[in-house]
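Lettering follows sequence order; numbering is per chain, from 1.
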Amino acid sequence: MSALALDAERVRLDFPILAERVNGHRLVYLDSAASSQKPEVVIEAVSDYYRHANANVHRGVHALGERATELFESARTAVAGLVSADPRGVVFVRNTTEGINLVAQAFARERLGPADRIVCSEMEHHSNLVPWQRVRDQTGCQLAYIPVTPAGELDLEAAEALLRPPTRLLSVAHVSNVLGTINPVRELVRMAHREGITVCVDGAQAVPHMPVDLGELDADFYAFSGHKMCGPTGIGVLVGRPQLLEEMPPFLTGGSMISVVTLERTTWDEIPHKFEAGTPDIGGAAGLRAAVSYLESTGMEAVQGHGAALSDYAIEALSEVPGLTRYGPSGANQLGILSFNLSGVHPHDVGTVLDRYGVAVRAGHHCCQPLMRRLGVAATARASLYLYNTREDVDTLLEAIGEVRRIFSD
Amino acid sequence: MSALALDAERVRLDFPILAERVNGHRLVYLDSAASSQKPEVVIEAVSDYYRHANANVHRGVHALGERATELFESARTAVAGLVSADPRGVVFVRNTTEGINLVAQAFARERLGPADRIVCSEMEHHSNLVPWQRVRDQTGCQLAYIPVTPAGELDLEAAEALLRPPTRLLSVAHVSNVLGTINPVRELVRMAHREGITVCVDGAQAVPHMPVDLGELDADFYAFSGHKMCGPTGIGVLVGRPQLLEEMPPFLTGGSMISVVTLERTTWDEIPHKFEAGTPDIGGAAGLRAAVSYLESTGMEAVQGHGAALSDYAIEALSEVPGLTRYGPSGANQLGILSFNLSGVHPHDVGTVLDRYGVAVRAGHHCCQPLMRRLGVAATARASLYLYNTREDVDTLLEAIGEVRRIFSD
Amino acid sequence: MAQTEPVSLDDELFREIILDHYRHPRHRGLLDPADMASHGHNPLCGDEVDLSLRVRGGQVEGVGFEGQGCSISMASTSMMSEEIQGKSLEQAHELIGRFRAMLLEGQDPSSLAGIGDLEALSGVRRYASRVKCAMLPWTTLEAGLKQLEGGHEPAGD
Amino acid sequence: MAQTEPVSLDDELFREIILDHYRHPRHRGLLDPADMASHGHNPLCGDEVDLSLRVRGGQVEGVGFEGQGCSISMASTSMMSEEIQGKSLEQAHELIGRFRAMLLEGQDPSSLAGIGDLEALSGVRRYASRVKCAMLPWTTLEAGLKQLEGGHEPAGD
Ligand SMILES: Cc1ncc(COP(=O)(O)O)c(C=O)c1O
Ligand SMILES: Cc1ncc(COP(=O)(O)O)c(C=O)c1O
């Protein structure tokens, strides 16, 4: 097993919530795939904004307005830097879900018709699935899914067969939030672009956990959420290829995204502003900026290295638990998301018992009902790791799983 | 002049940013119509959330998930209480703009066609105007505007003439963000409902400044923004009549708003969740909850009383400035929003000079280009008052206006 | 603001009585024919319940269910089935109300004391997410009864 | 994080030189006919500029403008017009570059020293929202030149 790439015991101290005690126990937070915890610097960046700079953006001729605007735009530059994107293509949205809806409504709905096809996969989060069903219903286009193999990976042969006419759009997760699988997005983009197919990537589980270089990935759209990457809730990002964004109509309309408004007609501001109607989450952007610099100063390579090493450690330990089935790949293709079931115990009961020992995991369908059906289960328990988790956390998880088995053994 | 209804000097102390010095001067913040400042209790409610309760909502079987969900839902109840609405009709959105877009796309676009008409007014904020132009372009319906009288009020006769077939929807501001006019929304709703016309109200400038009772107003949709009412950015509210919300398709789709998802089709969760796709701004909701309780403990009557009294004081003082033209009504029909121009000085220059004296006003079209055209100006300066403003603030404004005149006098 | 609770939830949450119903559900298996069939589903966790009732003269003559879910939802279904068997529809409604009051309105669990094993579910109250599990069979029953009674009402009402 | 700046902006922001151009704009009035006509607009504040140029043999032979806006945008337009009058197109481009560098890239204002009154606009740098005002005539000129030169390039380039 490789050495852990960062000192998680020290990292823990940056996250005030990890000092909480839950049900009399030390909090072992293993639900970062749902929402990560926030370091003190992020919490403070948000309150500092409200204490020293709060004002509306892109409007003020006063000092606070200047401060707020600078902060907001510097958050955009910071995000662009993190994922190697052109800041003009960085649109602030609420979350991944809104980012994908934007692409679905302002791109796909506008361009597709009954002769076209959208492709996603069986492992998609509802947020990268339901918006495409809507577009299908609105435009009459087809919708097809890349199957998931028993090993929990995308069936690339099937993908290749689907990535040709009449497919016009592929939308796929970079990393699965249930299986932890890192999908070969670079390869999929290459296949798709060969056939002139536009590619949208759900990066919600990738950007927080590994270096992402959008210049290299070459996807046309890429969405992620601040709250899963040490940032506050309320802010997310859609990165779009500037040329496509320029061609697209706006999604939401209203203040701040216009150029000239008359009672008869309206022209739009330039990108990315065209896609940011109304007052944005400025406090959230301040927090996200701090989150990006926190992650950068830790180093995304180190974050990924730590996740991989801890994941290996946990997978090995889980493999020794009698009656435990884990779903998803192992090794380099797995990003610290461990879904499992214990035979004879419903995952909800697993979650509740673990909670009594201070161990927070998620139990349910994880917004992936079709994948649950594919795995042949109603739900799973899921422990997801992040930079502040330690081997001790994994050890506590294992002990608590022992308790579950004890309680539910006949 | 009536006595001020609250002790603004004491209220000031609740808002840490008001201790900032700007350009060597005490900050006189007169841009609350763009975005209000936040009291310490709101700033702390947000950071407390991240320090003690952060987790995703409606999903967790663990303690933090329970805390976050409770907090989020209690914010909904608090908002519903403030405006006397059914919590089932309270949908969390990013801001007023998103709320209106939701109604435009999930209600109007679905129901209207070339035979129908939407009515708004000439004084609308772009956020309550451009979305309807979009619906007009999408559905082929007509769009007509209630004119604004020279006194800065809605022309009610013209309104009555417009509020009949083929009008199907009225969308109008409760309070104008340029003129401060309080529109007779109750009366407009009555006229509209007589003819079976659905009413949407832009309450962005009303809810922060006066008691609003949606039970009594009886509008079908009502939108407002947290950041203008002492709450954080990133969270706003659309209140909808539950029955209408139930009939409507969702707006954004994805995680958290579904019931059953298969690869073929999806059914929706109950309202209001059907309209809240993806991870919401939970930290923002925590802050908004604190803002609501801050405003309630101050008393909305007192907030309105203070605004009215200070507004009277300021209007009188402004009326004595040579060469100053003010736009909008006076007296009981005016809610502390003072737009003006100085002859021979561009409002931008007014704003910049005032800023040198620590006085923050807004200068520009205030997202109301059509109204600017109606007033025959390219832009105005705007001083907007809130509960933390004092007579001293108004006095400083007047002195600084004197400086503007001095600098720009020939 | 949320505080750490030093002492946790009911340590008895999974006490034997719940686990017993979970492992050995009463009234498992659907009735065919049935006078009432009702399907319940918790989208958040995928728990499902199918409930069937035979009703004669306003009395529940037979109860049967199928379902899949966690110990709480399954035990709750099993306990409920035991309790309504032989009761009048009116009594069933009343029981639904009492159970809901205990779980959702914070009523003292002793209000269910002596009604079979139901009191054992009171520990669930602390867990908002699990309350839905416990409620599932009850809302399913309520929906079914509504339909049954709607259908049996004289026309015009 | 933003800090209070104890000492403020350029107290000279509105010094006489700017106000003088604002009150007594040079080159006001559009040329007709003109070789280049370009319209610029700042949607954030409604400022507008119309710029017209007469060009002969790569030299700016005449400049005229109309516009409405604040002192900064109008003074900037007036100063720019004065400076480019009689210059070659190349020199105009170069001046645009220098002005932009001073306002947007933080270059020392002395790089514009001696070029008429332009240095007087350097105080604007502290105000991001006013930088757009000062830049308006320059971006308008740049767009106009681009069009002019595009049209004049030999085909195939
Ligand atoms: C009357 C009115 N409507 C709508 C808005 C838009 O609000 P937001 O930017 O929060 O969406 C505003 C404020 O900018 C406003 O004053
Ligand atoms: C893979 C994936 N896609 C999309 C989402 C949706 O993210 P959000 O709820 O922030 O919109 C999530 C997280 O819930 C996710 O894990």
Side-chain angles (χ1 to χ4, degrees), chain A residues 16-17 20 22-23 31 34-35 37-38 43 46-47 50-52 54-56 59-64 94-95 97-98 101 125-127 130-131 133-134 145 225 227 232-234 252-255 258 261-263 266 277-279 281-284 348 351-352 355 360 362-364 367 369-370, chain B residues 16-17 20 22-23 31 34-35 37-38 43 46-47 50-52 54-56 59-64 94-95 97-98 101 125-127 130-131 133-134 145 225 227 232-234 252-255 258 261-263 266 277-279 281-284 348 351-352 355 360 362-364 367 369-370:
Chain A
I17 205 172
E20 289 284 295
V22 167
N23 300 326
D31 196 18
S35 196
Q37 296 305 340
K38 325 302 175 199
I43 300 172
V46 176
S47 40
Y50 292 121
R51 281 185 220 282
H52 302 294
N54 178 67
N56 217 319
R59 304 183 176 181
V61 288
H62 52 70
L64 296 183
R94 180 169 35 246
N95 49 28
T97 305
E98 188 187 7
N101 275 268
H125 189 281
H126 294 161
S127 290
V130 188
Q133 292 185 342
R134 288 281 286 167
Y145 300 94
S225 297
H227 70 95
T233 53
L252 303 181
T253 59
I258 55 84
V261 179
T262 69
L263 292 177
T266 294
T279 305
D281 186 4
I282 314 169
H348 261 196
T352 300
D355 181 55
R362 206 177 147 198
C367 299
Q369 291 180 6
Chain B
I17 205 172
E20 289 285 292
V22 167
N23 300 325
D31 196 19
S35 196
Q37 297 305 340
K38 326 299 175 201
I43 301 173
V46 176
S47 39
Y50 292 121
R51 280 185 221 284
H52 301 294
N54 177 69
N56 218 320
R59 305 183 175 182
V61 288
H62 52 70
L64 296 183
R94 180 169 37 242
N95 49 28
T97 304
E98 189 186 5
N101 274 270
H125 188 281
H126 294 160
S127 290
V130 187
Q133 292 185 341
R134 287 282 287 167
Y145 299 94
S225 297
H227 70 95
T233 54
L252 303 181
T253 58
I258 55 85
V261 178
T262 69
L263 293 176
T266 293
T279 305
D281 185 4
I282 314 167
H348 260 196
T352 299
D355 181 56
R362 205 179 147 195
C367 300
Q369 291 180 7

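- Heavy-atom pairs under 4.5 Å with chain B peak, among A/Ser47, A/Pro131, A/Ala55, A/Ser225, at A/Pro131.
- For the pair B/Asn101 and A/Thr253, the tightest heavy-atom approach, listed with the atom from each and the gap, is ND2-O, 2.7 Å.
- Contact annotation for B/Leu64: only side-chain heavy atoms (C-beta onward) come within less than 4.5 Å of a heavy atom of chain A.
- Residue A/Gln133 comes nearest to B/Thr262 through the heavy atom pair NE2-O, 2.8 Å, listed as atom of the first residue, atom of the second, then distance.
- Contact count against chain B (heavy-atom pairs under 4.5 Å) is highest for A/Ala360 among A/Ala363, A/Ala360, A/Gly351.
- Ranked by non-hydrogen atom pairs under 4.5 Å with chain B, the options A/Asn95, A/Ile282, A/Leu263 are led by A/Leu263.
- We find the CD-CG distance between B/Glu98 and A/Leu252 to be 6.0 Å, quoted to the nearest 0.5 Å.
- By number of non-hydrogen pairs under 4.5 angstrom with chain B, the leading residue of A/Thr279, A/Val130, A/Asp31, A/Thr233 is A/Thr233.
- For B/Asp355 against A/Ala63, the heavy-atom pair with the smallest separation is OD1-N, 2.9 Å.
- The minimum heavy-atom distance between A/His125 and B/Gly255, with the atom names listed, is CE1-CA, 4.1 Å.
- With a 4.5 angstrom heavy-atom cutoff, B/Arg134 touches chain A only via side-chain atoms.
- For B/Ile258, the part lying near chain A is the side chain, with the backbone staying farther off; criterion is any non-hydrogen pair under 4.5 Å.
- Applying the side-chain hydrogen bond (donor to acceptor under 3.5 Å, both in side chains) test to B/Ser35 and every residue at least two apart in sequence or in another chain returns B/His227.
- Of the atoms belonging to B/Val261, heavy atoms from both backbone and side chain fall under 4.5 Å from chain A.
- For the atom pair A/Arg51 CZ and B/Glu20 CD, the distance stands at 11.0 Å (nearest 0.5 Å).
- Contact between A/Gln37 and B/Tyr50 at its shortest, heavy atoms only, is OE1-O, 4.4 Å.
- Heavy-atom minimum distance, B/Ala277 versus A/Thr97: CB-CG2, 3.7 Å.
- The contact between B/Asn54 and chain A is made by backbone and side chain atoms together, counting heavy-atom distances below 4.5 Å.
- If you measure heavy-atom distances from B/Asn56 to chain A, the contacts under 4.5 Å come from both the backbone and the side chain.
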